[in-house]
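Okay, so here's the structure we're looking at.
Source: prediction; values computed, not measured.
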Amino acid sequence: MAQINTREIVLDILLELSGQTEYSNVLIGAALDKYDYLDSREKAFIKRVSEGTIERRIYLDYVLDQYSKTPVIKMKPLIRELLRMSVYQLLFMEHIPAAAVCNEAVKLAKKRRFQSLRGYVNGLLRNIARGRENIVLPDRQKDQTAFLSVSYSMPLWLVTHFSACYGEAACEKILRAYLERGAVSVRLDERLSEKEREELLAAWEAGGVKVRRHPYLPYAACLQGVSGIRALAGYREGRFFVQDVSSMLVVEAADICPGDTVIDVCAAPGGKALHAAAKLGGTGGVIACDVTSHKTDKIEENRARLGLENVSVRVQDARVRDDSLVGKADVLLADVPCSGLGVIGHKQDIKYRVTKESLAEIQTLQKDIITNVINYVKPGGILMYSTCTMNPGENEEMVAWICETFGLEPVSMKDRLPAALAEEAEQGMLQLLPGVHETDGFFLAKLRKK
């Protein structure tokens, strides 16, 4: 078998991503599946360089533009991605010798028919390697926004957006959190006793996983050093579910009671719907809907693994009325499509795709969904509205529109959420910010139908 060049795999991932056909986590996952026979170090290298190059793109381009006579924007696509990934290795992977980075880049340029640019690639990278200790960032005192944009590789307009909405101090905390290697959050099955939870966590620690109980919820844990979720003890038995704590808080705040009917209209992959089913303790029922069979298959797979019988799964577009659901929901979960600004830490390319225009466009879709699914809520029933973003237009302003248009009223979540969040949730809304709170960026609101 011909030797696999891991750097060439990274290059191909970056080139495919530049066509914006798919999100980076999907492309990287597909590549790792394709080359699953590689050893763990090679796969870790592919993942690290791919993710890191995407994550730090603005910073890398800033450095390249300081050293290259040809601006990044005018480079040939293959050379641009080759230089980005090479500079990432030079600046952020110091254990790799600079000579190796430069030599491998030159070899790849030649192999991919850019032999005439070998000298340019080699000279540019060697100059950056020599000067990497002396890179000068924009002057923070003269232009705070430019400094933050380059330092944290965030588009200028998003830096301005976060700063305007949440203040400069919170803005920098958010940007810093996006670049931190976050732990994997899991929800332990609430049907487990505390002793069983402790045994499960101990089994993970014995396997080399670093485990921390989350301070917000007794059944939430954070894991670091996980090589594969499916290989963890308890996975096949359905003893846990990978889910951010912010998502768990939605169900916690809903105050689901035995016998309730819960409808989740945008349910995939099923975290909140299955959490609600566990809260029901075998009573009542959860109807979990999503727009395609591909998505509902994921919910069904997770439902079966967790052994929850009080969940029915159906393909249903949240914009299309289902008469069988009208007036049925004691609790309606509506985690609507959004701009995704809260999960940039997991999907770094979101920050390059989202635009000011797209923020407005997504609000139209959100209103279409709410206009339809509000009919499913019983009089006196609860709508839990949520998004994984930080944008008042999709969050607080949307809640105001819902209340005004459909006669709903905010319900305090103070008594249902952990003490650390209680005061913020008193008015029936909670905006979670990465770096400020110990969760992803997320918004939730609890609204009662009068």
Side-chain angles (χ1 to χ4, degrees), residues 4-32 34-35 38 41-68 70-98 100-109 111-112 114 117 121-122 124-129 132 135 137 149-155 158 175-176 178-182 343-353:
I4 297 296
N5 185 331
T6 52
R7 285 180 171 85
E8 189 167 19
I9 294 171
V10 174
L11 179 59
D12 286 333
I13 289 171
L14 296 175
L15 284 169
E16 189 171 352
L17 183 65
S18 67
Q20 293 198 343
T21 55
E22 192 56 88
Y23 279 102
S24 59
N25 61 317
V26 176
L27 292 177
I28 295 168
L32 293 176
K34 180 179 178 181
Y35 297 101
L38 295 175
R41 286 177 302 175
E42 290 175 309
K43 288 190 288 186
F45 177 85
I46 291 168
K47 188 172 189 290
R48 168 78 186 277
V49 180
S50 299
E51 290 180 345
T53 303
I54 295 161
E55 181 178 76
R56 298 280 186 171
R57 182 189 298 170
I58 291 173
Y59 181 83
L60 300 174
D61 288 358
Y62 175 83
V63 173
L64 281 165
D65 279 339
Q66 286 190 331
Y67 282 86
S68 174
T70 304
V72 170
I73 197 170
K74 292 188 176 181
M75 292 177 182
K76 300 285 187 183
L78 184 139
I79 295 299
R80 180 165 55 233
E81 299 303 342
L82 178 60
L83 289 173
R84 282 171 171 168
M85 61 181 273
S86 300
V87 175
Y88 178 78
Q89 293 166 69
L90 290 173
L91 301 185
F92 296 100
M93 300 177 74
E94 295 177 359
H95 63 284
I96 302 177
V101 175
C102 298
N103 292 339
E104 291 301 318
V106 170
K107 287 179 187 176
L108 266 180
K111 182 178 180 181
R112 301 300 281 264
F114 283 93
L117 293 177
V121 168
N122 185 52
L124 178 57
L125 292 177
R126 289 187 186 279
N127 283 339
I128 292 173
R132 56 187 164 184
I135 293 168
L137 295 172
S149 174
V150 173
S151 299
Y152 297 102
S153 279
M154 184 63 61
L158 277 174
L175 301 183
R176 186 181 296 117
Y178 284 151
L179 297 180
E180 292 172 352
R181 293 277 171 250
V343 292
I344 287 174
H346 307 297
K347 299 178 181 178
Q348 287 286 337
D349 41 330
I350 287 175
K351 63 189 178 186
Y352 308 121
R353 294 177 181 231

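- Of all heavy-atom pairs spanning I58 and S149, the tightest one is CG2-O, 3.8 Å.
- Here the side chains of L15 and R112 are in contact, with some heavy-atom distance below 4.5 Å.
- Residues L124 and L64 are in side-chain contact: their nearest non-hydrogen atoms beyond the backbone lie under 4.5 Å apart.
- The NZ atom of K107 sits 8.5 Å away from the CG atom of N5 when rounded to the nearest 0.5 Å.
- When the shell of 6.0 Å around NZ of K43 is examined, it contains more than 12 heavy atoms from other residues, nucleotides or ligands.
- Among pairs with a residue in residues 54-67, those fulfilling salt bridge (charged side-chain N to carboxylate O under 4.0 Å, His left out) read E55-R181, D61-R84, at least two apart in sequence or across chains.
- Taking both residues in full, the closest heavy atoms of A109 and V121 are given as CB-CG2, 4.5 Å, listed atom of the first, atom of the second, then distance.
- The minimum heavy-atom distance between L125 and A105, with the atom names listed, is CD1-CB, 3.5 Å.
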| said: For a side chain to side chain contact (heavy atoms under 4.5 Å, CB included) check, start with the C-alpha distance between S86 and E104, then their side-chain angles and the critical distance, and finish with the verdict. | reply: CA-CA 9 Å; S86 300; E104 291 301 318; over 6 Å; no

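- With values rounded to the nearest 0.5 angstrom, E42 atom CD is found 9.0 Å from I4 atom CD1.
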| message | Please evaluate residues T6 and V49 with respect to the criterion side chain to side chain contact (heavy atoms under 4.5 Å, CB included), reporting the C-alpha separation (whole Å), side-chain torsions for both, the decisive distance (0.1 Å), and the verdict. | response | CA-CA 10 Å; T6 52; V49 180; over 6 Å; no

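- Going from atom CG of L158 over to atom CD1 of I344 covers 6.0 Å, rounded to the nearest 0.5 Å.
- Proximity of I96 to L90: side-chain heavy atoms (C-beta onward) are nowhere separated by under 4.5 Å.
- The shortest heavy-atom contact between I9 and A31 is CG2-CB, 4.3 Å.
- Between I54 and Y352, the closest heavy-atom pair is O-OH, 2.6 Å.
- Here the CG atom belonging to D12 is positioned 11.0 Å from the CD atom belonging to E81, to the nearest 0.5 angstrom.
- S153 contributes atom OG, which lies 8.5 Å from atom CD of Q348 (distance to the nearest 0.5 angstrom).
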| query | Between Y59 and L91, is a side chain to side chain contact (heavy atoms under 4.5 Å, CB included) present by the stated rule, with each step listed? | reply | CA-CA 10 Å; Y59 181 83; L91 301 185; 3.6 Å; yes

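- Applying the side-chain hydrogen bond (donor to acceptor under 3.5 Å, both in side chains) criterion to R7, with sequence neighbours excluded, gives Q89.
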| What's the verdict on side chain to side chain contact (heavy atoms under 4.5 Å, CB included) for R80 and K74, showing C-alpha distance, side-chain angles and the deciding distance? | CA-CA 9 Å; R80 180 165 55 233; K74 292 188 176 181; over 6 Å; no

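- Legend: residues meeting ring-ring contact (aromatic ring centres under 6.0 Å, His included) with Y88, ordered by chain and number and at least two apart, are F92.
- Between I46 atom CD1 and E51 atom CD the span is 11.5 Å, to the nearest 0.5 Å.
- Contact between Y23 and L17 at its shortest, heavy atoms only, is C-CD1, 4.2 Å.
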